[in-house]
K.L.:
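Provided herewith is a single structure, encoded as structure tokens, for subsequent inquiry.
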Amino acid sequence: MKRSKGSMIALCVSLFIVLGALAFMICDWALPLNVWTHPILNFLMVLCVGFGVMAFTFAIAKKSPWFFFLSAILLALVGLYITIQYLEWWISIIIFVVVFVVFALFSLIVAGNKTENIAINESSDYKDYKQRKAEKEEMEKSEEPIVPEIKSFK
């Protein structure tokens, strides 16, 4: 199976993120660095940071609201995990909500509201019945009828 260049880069970056998170967890477990709470939680934090940044880059490159949503969740979880270590829980929740609002606004600014255009049939790809019927008739006119070749059996 042949993969595109973009998917190979994404695969390599994903592998690098997982290996980096695993190395950070093993270092925190073997040499008690006592970075925040627990080595496994630190592993998850590094994974969320890596994949959150990766999703954010995909969101900007592809102008995709889905990747904005995914990066908002991952990076907000990282922010929640870090702020809970140092701040009161209610301040952490406020920061968590603010991160979501900022990402939602950024998503609307960059990607626009594509789903609304699709829902109200204002998408550039939308064609009503008359347009589709006219295209179908034009396709039928442009095609020459295929006449089967009859062979005699002598």
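Given the structure is predicted, the values throughout are model-derived calculations rather than measurements. We count residues from 1, following the sequence as given. Side-chain atoms are counted along with the backbone in the values below, which use heavy atoms only and exclude waters and symmetry mates.
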K.L.:
Please enumerate all residues that pass side chain to side chain contact (heavy atoms under 4.5 Å, CB included) together with L87, with sequence neighbours excluded.
P.N.:
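By the side chain to side chain contact (heavy atoms under 4.5 Å, CB included) rule, L87 matches T83, I91, S92, I95.
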
K.L.:
How long is the straight-line distance from CD1 of I73 back to CZ of F69, given to the nearest 0.5 Å?
P.N.:
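The CZ atom of F69 sits 3.5 Å away from the CD1 atom of I73.
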
K.L.:
Heavy atoms only: give me the nearest A76-V99 pair and the separation to one decimal.
P.N.:
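Closest approach of A76 to V99: CB-CG1, 3.8 Å.
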
K.L.:
Which heavy atom of S71 sits nearest a heavy atom of G52, and at what distance?
P.N.:
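In this case the closest contact between S71 and G52 is CB-O, 3.3 Å.
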
K.L.:
Is any side-chain heavy atom of I60 less than 4.5 Å from a side-chain heavy atom of F68?
P.N.:
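Contact flag for I60/F68 side chains = yes.
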
K.L.:
Are F103 and F56 near enough that their ring centres are under 6.0 Å apart?
P.N.:
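Yes; F56 has its ring centre under 6.0 Å from that of F103.
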
K.L.:
Do L11 and F58 belong together in a cluster built from hydrophobic side chains that touch within less than 4.5 Å?
P.N.:
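They do not share one cluster, since no chain of ILVMFWY contacts under 4.5 Å joins L11 to F58.
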
K.L.:
Can you list the residues that meet the side chain to side chain donor-acceptor pair (under 3.5 Å) rule with E88, with sequence neighbours excluded?
P.N.:
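If we apply the side chain to side chain donor-acceptor pair (under 3.5 Å) test to E88, skipping adjacent residues, there are no hits.
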
K.L.:
Rounded to the nearest 0.5 Å, what's the gap from CZ on F51 to OG on S14? Could you check?
P.N.:
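F51 CZ to S14 OG: 4.5 Å, rounded to 0.5 Å.
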
K.L.:
I'd like to know whether CD1 of I40 has more than 12 heavy-atom contacts from other residues, nucleotides or ligands below 6.0 angstrom.
P.N.:
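For I40, atom CD1 is not crowded (no more than 12 foreign heavy atoms under 6.0 Å).
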
K.L.:
May I ask you to test the L47-L74 pair for a side-chain heavy-atom distance under 4.5 Å?
P.N.:
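Of all side-chain heavy-atom pairs linking L74 with L47, none is under 4.5 Å.
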
K.L.:
Using the six-membered ring wherever Trp is involved, compare the ring planes of F100 and F96 and label them parallel, tilted or perpendicular (cut-offs 30° and 60°).
P.N.:
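Perpendicular: the ring planes of F100 and F96 meet at over 60°.
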
K.L.:
Any idea which heavy atoms bring A10 and M54 closest together, and the distance?
P.N.:
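In this case the closest contact between A10 and M54 is O-CE, 3.7 Å.
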
K.L.:
For the CG atom of L77 and the CG atom of L44, what is their distance to the nearest 0.5 Å?
P.N.:
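Nearest 0.5 Å value for the CG-CG distance: 10.0 Å.
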
K.L.:
Between CG of L70 and CG of L75, what distance do you get to the nearest 0.5 Å?
P.N.:
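The CG atom of L70 sits 9.0 Å away from the CG atom of L75.
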
K.L.:
If you look only at distance, which donor and acceptor atoms sit under 3.5 Å apart when one is on a side chain in residues 15-30 and the other is two or more places apart or in another chain?
P.N.:
residue : atom : partner : partner atom : Å
D28     : OD1  : L33     : N            : 3.4
D28     : OD1  : N34     : N            : 3.3
D28     : OD2  : N42     : ND2          : 2.6

K.L.:
So I82 and M45, side-chain contact (heavy atoms from CB on, under 4.5 Å) or not? Walk me through it.
P.N.:
CA-CA 9 Å; I82 291 173; M45 182 198 65; 3.9 Å; yes

